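Here it is, the structure, as structure tokens.
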Amino acid sequence: NAGVTQTPKFRVLKTGQSMTLLCAQDMNHEYMYWYRQDPGMGLRLIHYSVGEGTTAKGEVPDGYNVSRLKKQNFLLGLESAAPSQTSVYFCATADSTYEQYFGPGTRLTVT
Amino acid sequence: RKEVEQDPGPFNVPEGATVAFNCTYSNSASQSFFWYRQDCRKEPKLLMSVYSSGNEDGRFTAQLNRASQYISLLIRDSKLSDSATYLCVVNKGYGGSQGNLIFGKGTKLSVKP
């Protein structure tokens with residue numbers, strides 16, 4: 001079992017470029033989440049999903065879009081990257097206990 | 001009041017010491033509580049869920065006080081490998097937001113030889 005995987009692990013973007021981060025899980029969990037973590041700010045929820053075909057906004061959704069077309073995948077899109085989106089992005093999954101399991105993270109730099 | 005607030009730390013303790021972390025939360029409707037640990041430049045990992053009756057896992061004990069809206073984590077006989085940042089996590093607790101978890105900013109623990 002791979003658990004929760006994220007691709008890519010690292011990425012450098014120029015301002016205005018777009019990209020999609022992929023989170024994949026083989027844990028059959030209903031809930032999936034995207035967080036960003038910045039120094040001194042802790043983990044902040046961007047978007048989350050309570051099941052296939054559903055998405056909901058978190059604390060900091062602006063500038064991001066998500067899709068959950070398949071239960072095992074949760075995509076995070078940046079349509080027009082900005083330097084303020086430089087961060088470490090974590091995906092997590094959970095079942096009905098809400099115990100979260102995290103992927104290894106994606107380090108994104110926007111120049 | 002912040003949704004989830006933790007001791008700012010850092011906590012610097014010698015090996016073998018007992019250390020306690022506290023965390024307060026603002027939403028009285030919250031139902032799920034957790035402690036995670038995060039090593040430098042790594043993903044958070046679940047340490048333990050916190051149950052109403054309190055729970056223990058080896059050297060770690062977690063307690064919940066609903067009346068005062070705080071949870072605690074006690075680490076006994078600290079090891080060097082316990083050095084990490086400890087994150088308090090609480091769910092929003094109402095309606096469709098039960099799956100929405102709020103993370104505290106974390107408390108850094110450094111265990112010295």
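Chain identifiers are assigned alphabetically (A, B, ...) following the order of the sequence lines, protein sequences preceding nucleic acid strands; residue numbering begins at 1 within each chain. Since this is a predicted model, take the numbers as computed values, not measurements.
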Check whether B:Tyr25 and B:Val50 end up in the same hydrophobic cluster, where Ile, Leu, Val, Met, Phe, Trp and Tyr are linked by side-chain heavy atoms less than 4.5 Å apart.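 Yes, one cluster joins them.
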Would you say A:Val50 ends up clustered with A:Val4 if hydrophobic residues are merged whenever their side chains have heavy atoms under 4.5 Å apart, either directly or through other cluster members?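 Yes, A:Val4 and A:Val50 fall within the same hydrophobic cluster.
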Given a strict heavy-atom distance threshold of 4.5 Å, which part of A:Arg107 is in contact with chain B: side chain, backbone, both, or neither?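 Only the side chain of A:Arg107 comes within 4.5 Å of chain B.
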Kindly check if the number of other-residue, nucleotide or ligand heavy atoms within 6.0 Å of CD (B:Gln63) is above 12?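 It does not: B:Gln63 CD has 12 such atoms or fewer within range.
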Looking at residues at least two apart in the chain, or sitting in another chain, which of them share a ring-ring contact (aromatic ring centres under 6.0 Å, His included) with A:His47?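 A:His47 satisfies ring-ring contact (aromatic ring centres under 6.0 Å, His included) with no other residue.
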Please check if B:Leu64 and B:Leu47 belong to a single hydrophobic cluster, counting links between Ile, Leu, Val, Met, Phe, Trp and Tyr side chain heavy atoms closer than 4.5 Å.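 They do share one cluster, since a chain of ILVMFWY contacts under 4.5 Å joins B:Leu64 to B:Leu47.
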Looking at A:Phe90, A:Phe102, A:Tyr35, A:Tyr101, which has the largest count of heavy-atom pairs under 4.5 Å with chain B?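 Most heavy-atom pairs under 4.5 Å with chain B: A:Phe102.
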Any chance you could measure A:Arg44, atom CZ, to B:Lys105, atom NZ, to the nearest 0.5 Å?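 Rounded to the nearest 0.5 Å, the CZ-NZ separation comes to 9.0 Å.
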Chain A heavy atoms under 4.5 Å from B:Leu87: which part of the residue, side chain, backbone, both or neither?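 For B:Leu87, the contact with chain A is made by the side chain alone.
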Set out, in order, the CA-CA distance, both residues' side-chain angles and the distance that settles ring pair (Phe, Tyr, Trp, His ring centres under 6.0 Å) for B:Phe34 and A:Tyr98, then state yes or no. CA-CA 9 Å; B:Phe34 311 93; A:Tyr98 307 126; 7.6 Å; no
What part of A:Thr97 gets closer than 4.5 Å to chain B, counting heavy atoms only: side chain, backbone, both or neither?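 The backbone, not the side chain.
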Taking everything shown except B:Lys108 itself, do over 12 heavy atoms lie less than 6.0 Å from its NZ?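 Atom NZ in B:Lys108 is not packed in, count stays at 12 or less.
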Keeping to residues at least two apart or across chains, list the side chain to side chain donor-acceptor pair (under 3.5 Å) pairs with something in residues 55-66 of chain A.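 Residue pairs with at least one partner in residues 55-66 of chain A: A:Arg36-A:Tyr64, A:Tyr64-A:Tyr89, A:Asn65-A:Glu79.
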Can you find a heavy atom in the side chain of A:Leu43 that is under 4.5 Å from one in the side chain of B:Pro44?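 Side chain of A:Leu43 against side chain of B:Pro44, heavy atoms only: contact under 4.5 Å found.
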In terms of heavy-atom pairs under 4.5 Å with chain B, which of A:Gly42, A:Gly58, A:Gly105, A:Pro104 leads?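 Going by pairs under 4.5 Å, I would pick A:Pro104.
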Which one wins on heavy-atom pair count under 4.5 Å against chain A: B:Gln38, B:Arg41, B:Lys42?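 Most pairs with chain A among the choices: B:Arg41.
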For residues B:Leu101 and A:Gln100, determine if any side-chain heavy atom of one lies less than 4.5 Å from a side-chain heavy atom of the other.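 Yes, at least one pair of side-chain atoms sits under 4.5 Å.
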According to a hydrophobic-cluster definition based on side-chain heavy atoms being under 4.5 Å apart (Ile, Leu, Val, Met, Phe, Trp, Tyr only), do B:Val89 and B:Leu74 belong together?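 Per the 4.5 Å side-chain linkage, B:Val89 and B:Leu74 are not co-clustered.
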What are the two closest heavy atoms between B:Glu43 and A:Gly103, and how far apart are they?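 Heavy atoms only, the tightest pair is CB-O, 3.0 Å.
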